[in-house]
Amino acid sequence: MIPVEEVLKGDRVLIQSGEKIAIDGKVAFGQGFINEASITGESVPARKEVHDTVFSGTVVDHGYLEVIAEKSRGGYRFCQDH
């Protein structure tokens, strides 16, 4: 595990059920249901799979994702919430 500030654009980040997503990126592998209430206000988890975008500050309710970081060094929407 590394601090979000050390994640570089193009890095692959593994995220499992119950974990908060700390980066903005695209799903490269896996699928899951993401609680996006912190961004959208929607209480029903959104299904995410390969090529979908995920945002920092959201939570994986169920599933496993490998996400490719779209930005470097903490330049994320909710970086302070990691």
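Contact check for Val60 versus Leu65: side-chain heavy atoms found under the 4.5 Å cut-off. Looking at Val67 and Ile21, their side chains never come closer than 4.5 Å, going by heavy atoms from C-beta outward. Contact annotation: the side chain of Lys71 never approaches that of Lys9 to less than 4.5 Å [non-hydrogen atoms, C-beta and beyond]. For the pair Glu49 and His51, the minimum side-chain heavy-atom distance is 4.5 Å or more. Ile23 is not listed as a side-chain neighbour of Ser56, based on a closest heavy-atom distance of 4.5 Å or more.
Here the CD1-NZ distance, from Ile15 to Lys20, works out to 12.5 Å after rounding to the nearest 0.5 Å. Atom-to-atom distance recorded for His62:NE2 and Gln16:CD is 12.0 Å, nearest 0.5 angstrom.
By the 4.0 Å N-to-carboxylate-O rule, Asp52 lies too far from Lys26 to be salt-bridged with it.
In this structure a side-chain-to-backbone donor-acceptor pair under 3.5 Å is present from Ser38 to Gly57. Counting only distance, with no hydrogens or angles, the side chain of Ser17 and the backbone of Gly63 share a donor-acceptor pair below 3.5 Å. Between the Glu6 side chain and the Pro3 main chain, no donor and acceptor come within less than 3.5 Å of each other. With hydrogens and angles ignored, the 3.5 Å screen pairs no side-chain donor or acceptor of Asn35 with any backbone N or O of Asp61.
Pairs passing the salt bridge (Lys or Arg N to Asp or Glu O under 4.0 Å) check and including a residue from residues 30-39, sequence neighbours excluded, read Glu36-Lys48.
Closest non-hydrogen pair, Ile39 versus Phe55, comes out as CD1-CB, 3.4 Å. Shown here for Ile68 and Ala28, the closest heavy-atom pair between the two residues is CG1-CB, 3.7 Å.
With a 4.5 Å cut-off between side-chain heavy atoms of Ile, Leu, Val, Met, Phe, Trp and Tyr, the cluster of Phe29 takes in Leu14, Tyr64.
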Please lay out, stage by stage, how Ile34 and Val59 fare under the test side chain to side chain contact (heavy atoms under 4.5 Å, CB included).
CA-CA 6 Å; Ile34 310 300; Val59 177; over 6 Å; no
